2 protein chains.
Amino acid sequence: MSTRRMPNATIRDVAREAQVSVASVSRALNGHERVRPELRARVQEVAARLGYVPHAGARSLSLARTSAIGVVLPDLHGEFFSELLRGMDREVAAQGLALLLTVLQDGRGLNTLAALRGQVDGLVVMAPQLGAAELRAQLPAGLPAVFLNCVPGLAGAALRVDNAAGAAAMVDHLVAAGARTIAHVAGPVGNVDAEERRAGAVAAAERAGVALTVVQGDFTEASGAAAAAQVARGAIRADALFAANDAMAIGALVALKGHGVAVPRQVRVAGFDDIPLARLVTPALTTMRVDIAALGARAVQLLARRIVAPAEGLVEVDPAGAEAIVPRLVVRDTTTETDRETQS
Amino acid sequence: MSTRRMPNATIRDVAREAQVSVASVSRALNGHERVRPELRARVQEVAARLGYVPHAGARSLSLARTSAIGVVLPDLHGEFFSELLRGMDREVAAQGLALLLTVLQDGRGLNTLAALRGQVDGLVVMAPQLGAAELRAQLPAGLPAVFLNCVPGLAGAALRVDNAAGAAAMVDHLVAAGARTIAHVAGPVGNVDAEERRAGAVAAAERAGVALTVVQGDFTEASGAAAAAQVARGAIRADALFAANDAMAIGALVALKGHGVAVPRQVRVAGFDDIPLARLVTPALTTMRVDIAALGARAVQLLARRIVAPAEGLVEVDPAGAEAIVPRLVVRDTTTETDRETQS
DNA sequence: GTCGTTGATGTAACCGTTTACACGTAACAA
DNA sequence: TTGTTACGTGTAAACGGTTACATCAACGAC
């Protein structure tokens with residue numbers, strides 16, 4: 001009760017108290033095998049009594065590793081951000097690592113990134129707006145890294161959402177649901193996700209032998225509504241409207257309703273992302289769900305592997321060797337005739 | 001181009017290359033004053049050329065501080081989580097600190113917390129489900145801490161959302177909007193936020209002289225819908241439904257619509273939190289907005305202050321000395337008769 | 001009885017920084 | 001000239017761990 005006042009016990013304090021050398025304390029606490037059980041027990045008891053916690057800095061100095069990984073994220077919002085971190089944290093905890101978080105706000109991050117070098121063993125980087133050259137310049141060389149949804153060709157393992165496959169699956173679903181003429185509301189040009197989804201949709205439509213018109217959008221509800229208006233007016237002929245994200249799909253849904261178009265009877269509607277709102281609108285929106293937490297966990301797992309064996313994983317970098325997480329189709333009411341009461 | 005291959009340059013490498021001592025390098029790079037400008041420039045040039053980044057561990061060992069703060073959060077979802085972290089990160093970056101994130105999943109966290117001791121200079125802890133005794137036992141003694149929405153009486157500065165005042169403000173608003181019989185859908189028992197909101201609502205209703213029935217909920221949409229069903233069926237008489245969070249309010253809103261109850265004409269609906277979804281539902285939800293990012297930033301600011309001056313801030317701990325952030329009333333369409341087109 | 005051998009423990013060097021102190025130099029006052 | 005000061009720089013000792021190597025005791029084989 002009264003002996004534990006010392007703010008920070010060191011390994012030497014423990015050694016003195018337990019009447020052994022510092023080496024023995026270190027060995028006892030780190031699960032070394034050549035330690036007499038009796039001694040190990042005594043050391044553990046003393047360590048607990050003194051509230052000894054190894055100094056992370058000293059350890060990292062000695063071991064040449066920090067047991068921490070850095071996460072660099074863009075200025076994200078909401079569910080995506082929290083799910084990603086939750087997934088990462090889960091895996092990080094499992095691996096006995098710590099998580100150092102950095103948000104890439106505005107223009108900073110340039111030197112912020114470099115400063116991470118001394119603090120972490122590896123990096124999970126998500127920076128859809130940065131080019132490969134920029135990134136490469138900023139990143140500490142020789143630090144294992146895993147990239148999320150980045151341009152390919154970086155020196156590190158890459159992990160991405162297979163937008164193309166997801167979009168293709170959605171087109172297939174629409175076709176199976178009876179669509180013959182699809183309007184795809186694309187996301188902003190230059191956005192990697194948007195481009196991939198468009199390409200996947202176009203390819204799948206071609207394969208399926210159905211017509212597909214691409215309408216330019218920008219991921220906002222307004223742009224979805226505008227596209228829907230064109231469909232409602234007949235300026236674009238379509239019996240299915242597939243938006244590159246849920247926001248546009250919902251905008252379209254509202255607009256179609258406003259124009260007196262029946263969904264899904266006259267026009268089927270589908271989105272992408274499965275944002276929380278998707279199941280709340282009426283009719284509930286069919287969309288593609290990405291398991292964000294799994295994406296985060298997988299990224300950490302990959303990074304941890306690359307940290308212990310830097311060579312591994314380098315192979316899979318080149319061309320399109322990035323590992324992909326395939327989104328899952330979530331069918332709700334905007335693409336199915338039956339007017340179900342329950343919404344999943 | 002070819003000289004920067006060395007994975008990790010140390011201060012000695014820089015010293016050798018710049019033909020000075022390590023002490024001078026350290027002084028030059030850390031902005032010490034007694035350094036000849038010419039020498040400082042040379043050192044900086046060499047450091048940049050070699051890509052030298054100080055080893056954080058070594059530095060923390062030498063300085064007895066880590067320049068990192070730990071954040072311990074419950075398993076939160078969505079916007080709240082991301083906003084809080086965004087606010088924290090903003091302040092943390094401004095202070096030149098790093099952010100170590102830990103999510104308190106399930107039962108773990110007990111030893112996880114202790115392990116943080118060696119890695120951070122202070123802690124921001126949010127653990128609404130833990131009692132004061134539990135927390136005190138887990139927390140490394142002598143580590144500055146700031147608590148968010150925790151039970152009072154802990155050895156550290158506290159910062160909280162004034163849930164009671166917020167709930168009271170909402171009840172007042174409902175009364176002003178014509179409500180005479182309020183149903184309050186409470187959050188899960190044991191949750192501090194939920195309890196405070198309920199207490200605030202009950203007290204305000206009493207003051208205003210209106211009837212208030214408490215219906216048990218659990219922060220999920222389903223529980224909000226269930227409560228609304230009771231109101232719609234007449235099992236509970238109420239002309240206003242005030243849910244302890246937006247999720248329940250939205251669940252209620254949808255359920256009321258389903259039962260053919262007009263909102264806000266027959267029953268006014270209000271939530272708490274102002275999640276993004278709140279302004280998207282129709283009619284748009286009246287709610288209380290908490291500036292979460294500001295809360296996070298303020299917590300970090302307070303912590304940073306306590307780290308440089310451990311004595312400071314200890315005064316404000318006792319009774320109810322916790323600093324409080326008061327939520328702001330956001331009036332939308334679920335409580336006002338006028339069927340406005342625009343939604344703020 | 002001596003000599004390996006083996007296994008448990010201690011000693012001390014090292015990881016990369018910071019910084020108190022020592023030292024050398026130059027400027028200036030006496 | 002000789003002290004005194006001030007300033008710039010170098011030397012070396014921490015900081016708290018890990019671990020190669022040395023040491024030492026116990027034991028069995030000869």
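All figures in this text were calculated on a predicted structure; none of them were measured in a lab. Below, read A as the first sequence line, B as the second, and so on, with proteins coming before strands; counting in each chain starts at 1.
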Trace of the side-chain contact (heavy atoms from CB on, under 4.5 Å) decision for B:Y52 with B:D13: CA-CA 9 Å; B:Y52 166 70; B:D13 298 330; over 6 Å; no
Derivation of the side-chain contact (heavy atoms from CB on, under 4.5 Å) call for B:I11 and B:S26: CA-CA 8 Å; B:I11 199 174; B:S26 178; 3.9 Å; yes
From CA spacing to verdict: side-chain contact (heavy atoms from CB on, under 4.5 Å), B:I69, B:V300: CA-CA 8 Å; B:I69 70 171; B:V300 170; 3.9 Å; yes
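Residue A:A23 is classed as a base contact, given a heavy-atom separation below 4.0 Å to a base. Among the atoms of the strands shown, only primed sugar atoms or phosphate atoms (P, OP1, OP2) are found under 4.0 Å from some heavy atom of B:S24. Contacts of B:V20 with the nucleic acid, taken as non-hydrogen atoms under 4.0 Å apart, involve only primed sugar atoms and P, OP1 or OP2.
Side-chain atoms of B:M88 and B:L101, non-hydrogen and from C-beta on, never get closer than 4.5 Å to each other. Two residues are said to be in side-chain contact when any heavy atoms from C-beta on lie closer than 4.5 Å; A:V35 and A:S24 fail this criterion.
For B:R27 against D:dG10, a side-chain N or O and a base N or O form a donor-acceptor pair under 3.5 Å.
Residue B:R36 places at least one side-chain N or O under 4.0 Å from the OP1 or OP2 atom of D:dT9. For B:S26, a side-chain nitrogen or oxygen approaches OP1 or OP2 of C:dT18 to under 4.0 Å. Note on B:S21: every side-chain N or O is 4.0 Å or more away from OP1 and OP2 of D:dT11.
For the pair B:R40 CZ and D:dT9 C1', the interatomic distance rounds to 13 Å; values are reported in whole Å. Rounded to an integer number of Å, the gap from A:R16 CZ to D:dG17 C1' is 15 Å. The separation between B:L29 atom CG and C:dT18 atom P is 8 Å, rounded to whole Å. Protein atom CG of A:L50 is 12 Å distant from nucleotide atom P of D:dG17, rounded to whole Å. One interatomic measurement links the two molecules: NE2 of B:H32 to C1' of C:dT19, which rounds to 8 Å at whole-angstrom precision. Between the CD atom of A:Q19 and the C1' atom of C:dA8 there is a distance of 17 Å, rounded to whole Å. Put simply, CD on A:E33 is 14 Å from P on C:dT9, counting in whole angstrom units.
Side chain of A:R40 to main chain of A:H32: a donor-acceptor pair is present (N/O by atom type, distance under 3.5 Å, no hydrogens or angles). At least one donor-acceptor pair under 3.5 Å links the side chain of A:D121 to the backbone N or O of A:T66.
Of the residues listed (A:L84, A:T102, A:L104), the one engaging A:L73 in a side chain to side chain contact (heavy atoms under 4.5 Å, CB included) is A:L84, and it is the only one. Screening A:V124, A:V120, A:V92 for a side chain to side chain contact (heavy atoms under 4.5 Å, CB included) involving A:L99 leaves a single residue, A:V92.
With rounding to the nearest 0.5 Å, the separation of CD in B:E17 from CD in B:E45 is 8.5 Å.
Each end of the helix from C:dG1-D:dC30 to C:dA30-D:dT1 gets its own rotation axis from five pairs of C1' atoms, and the angle between them is 70° to the nearest 10 degrees.
DNA chain C is contacted by both A:E38 and A:V22; A:E38 maps to the nucleotide lying nearer its 5′ end (nearest heavy atom per residue).
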Polar atoms only, N or O, under 3.5 Å: list the protein pairs with nucleotides 13-16 of chain D and their distances.
{"from": "D:dG16", "atom 1": "N7", "to": "A:R12", "atom 2": "NH2", "distance (Å)": "3.4"}
{"from": "D:dG16", "atom 1": "N2", "to": "A:A58", "atom 2": "O", "distance (Å)": "3.4"}

